[in-house]
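Since we're looking at a predicted model, the values are computed, not measured. Here is how names work: the chains are called A, B, and so on, in the same order as the sequence lines, proteins then strands, and each is numbered from 1.
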Amino acid sequence: MFSFLIRRLLLIIPTVFVALSFLFALFFVLPGDPATLIAGGANRTPDPGVIERVNERYGLNDPLGEQFLNYWKRTLQWDLGESFQNRRSVNEILGEKAVNSVRLGIWAILIEILIGISVGVLSAIRRYSIADKLTTVVTAVASAVPVFVLGFILQYALAVYPNKHDWPAWMRLRTQGLGPDTWTLFFIPTGETWRYLVLPAVALASVSTALATRMTRGSMLEVMRADYMRTARAKGLNERQVIVRHGLRNAMLPVVTLIGVDFGTVIGAAVLTETTFSWPGLGSEIASSVISRDLPVTLGLTLAVVLAYTVINLLVDVSYGWFDPRIRFGKGSKQ
Amino acid sequence: MSEPTVPSGLSRRGELLLSVEDLQAYFDTDDGTVKAVDGVSFDIYRGEVFAVVGESGSGKSVTATTIMGLQPTIRIAGGSVHWKGRDLLAMSEEEHRRIRGGEIAMIFQDPLTALNPVHTVGRQIGEMARIHEGLNHKQAHERAIEMIELVGIPEPRKRADMYPHEFSGGMRQRAMIAMAITCKPDLLIADEPTTALDVTVQAQVLDVLLAIKDEIDSAIMLITHDLGVVAGLADRVMVMYAGRQAEIGTAAELFYQTRHPYTFGLLASLPRLDGGDDEELVPIDGSPPSLIHVPSGCAFHPRCRFAEVPGRCNEERPLLRTVTSDGHVTACHFAERLATVTVESIRTGRTEVGP
Ligand SMILES: Nc1ncnc2c1ncn2[C@@H]1O[C@H](COP(=O)(O)OP(=O)(O)OP(=O)(O)O)[C@@H](O)[C@H]1O
Ligand code: SF4
Ligand SMILES: [Mg+2]
């Protein structure tokens, strides 16, 4: 178990190195001179003196190799630099945006776990019922519709339309931003904030929830045919006990892997979702920093995301051992 | 239900536990009705080993699982199943559930798939005591350890905390047995308990099963397709063919006073019990019929070397009737003619029968 952890942690190093080196290289390959873009801003021809000062300040005159080395030296000390655009420290931006992303991400994953698993299980138990057929159709559609399309549909149906037609206040959701930004226990919205949270969280969760539902259903159907379920019935357990005590955990095995992978999907989908809903998180910040060629911001935030992703996956893999004793690492395990 | 008569060959006259009468249990499928159990009658008494024998697909498992109430899609077309005088088929699911596991327990063929891979063996055994006797977690764990010890698994305390995949095949089946006997059931149904095991451990597991039976004073319904297993263990034997009962009697009656051609067929396909000279094993020609399209008359007639076809055998279904003793019952029109037939004569093909 311990050596497994060490190996996994060591694997993070090449992952992060390759990912960020690639981004770094991309920055210089893209058309346009970075300094000009930074100094000039939108469509202005900048003063050559300004360009010179910008190049000086950010070391953009140094040979590329040296810039690359310097970048890694600073990064290893967690010095992420400052934004080309507004000179704010990237660490500060990271702290501010990460909070919003984590809140949104928590809700997306919660929706995936709660809705996906419970609907999947019920759908399997009530196989061929109307509810089951409906679930099959809805999940097929939801997993095929791109996040931003769903985002626009949700915005129109649950926010724009109700507002235009003066629906009762509680039915009108918000489409842009954080609202009052009030929370308790870090992730539970209070006051009006929930109106702002619902739509981006649902949009972000949609694809993975649909996949989790389908996978839970399939897995549960398979488990219900298993011999040990018959054994459980033969013991005299009632149907609910058979499913809860013997079926669920076995049915969860493939779903746990899926949810682990989904942390990655959610991070990717967050770029689109946050942009669509102007949710000020890491995703929309990375997107805008790429557009404005704000290299330190892009690199710093991406580094944080990659690290978070790797650590979460590690935790998921470790938890998998709890779900399935057959792959438990270390003591006494065969096979 | 008429007053049951205790079969003569039964050495110990135990209490009548299970009484199945003319049970007809069908599956309605898209291809037609599968008559998995079609008119089967037998009794099981406390203390005996009652073996059920037949080729694959003859309805042995369905008979057992119907008694257990583990066949949600089955249609009971007729007959009755009484457990200690109570009608099992008529009782509520809740009542049946209390009997299941507690009074009638079942052991399945493949102990690896029949045990839950994500729970420890101790927990799975203890669960039995928790649901039927209301023991708490700790008591159930202690009981599980006791049971594991009883079936002869070394280091029971350590083993209780291990998972099925950490056990060997024979040990897993012992664990299954331990689970089944946790609540001291009156009847233990073992559905091919050794088929999935190495030949070397088969005998050990059967020994455990027998010892346990005496220890808890129960009965065993032992399902197998291997008459050889039956020879040394069973008090009485029921031979099934195509969902029907071919012959039933004490082990001695079936082996030495055989009155059904199918039983003869099974015996002839068996290596000789006395381990004598290697005579050729003679498998029964053909294969068992589909239970959707069972042959007319006697279901065995297409494969029977004594059949009169065309004649009674393909026209009239033979009724069960008593032959050499009270408890020896067979379903063959010409049972009496078989009195002079021996297994050896079947093997060598010289089967002269009387008029
Ligand atoms: N759920 C079911 N639905 C439809 N048919 C079934 C079902 N279960 C069993 N059958 C059929 O019933 C017949 C008897 O099956 P059963 O399992 O009792 O045979 P068996 O004597 O136990 O054979 P084996 O030695 O292979 O275990 C078979 O033809 C089988 O295909
Ligand atoms: S009734 Fe006829 S076909 Fe059936 S077993 Fe007897 S002799 Fe054979
Ligand atoms: Mg079977």
Inset, instruction - Select one option (side chain, backbone, both, neither) describing which atoms of H96(B) are under 4.5 Å from chain A's heavy atoms. - result: neither
Legend entry - Top of H119(B), Q109(B), M106(B) for chain A proximity - count of heavy-atom pairs under 4.5 angstrom: H119(B)
Legend entry - When A180(B), G102(B), P117(B), G101(B) are compared by non-hydrogen pairs under 4.5 Å with chain A, the top option: P117(B)
Legend entry - Heavy-atom proximity to chain A below 4.5 Å, by part of Q124(B): both
Legend entry - Side chain, backbone, both or neither of A226(A) within contact of chain B (heavy atoms, under 4.5 Å): neither
Legend entry - Which atoms of A114(B) approach chain A - backbone, side chain, both or neither, heavy atom under 4.5 Å: both
Inset, instruction - Could you tell me whether D186(B) and R46(B) have a side-chain N and a carboxylate O separated by less than 4.0 Å? - result: yes
Inset, instruction - Heavy atoms only: give me the nearest R172(B)-L115(B) pair and the separation to one decimal. - result: O-CD1, 4.0 Å
Inset, instruction - Check for a donor-acceptor pair, side chain of E222(A) on one end and backbone N or O of S219(A) on the other, with a separation under 3.5 Å. - result: no
Legend entry - Donor + acceptor pair across side chains of Y320(A), D324(A) (<3.5 Å): no
Inset, instruction - Determine, for K158(B) against E166(B), whether the closest basic-nitrogen to carboxylate-oxygen distance falls under 4.0 angstrom. - result: no
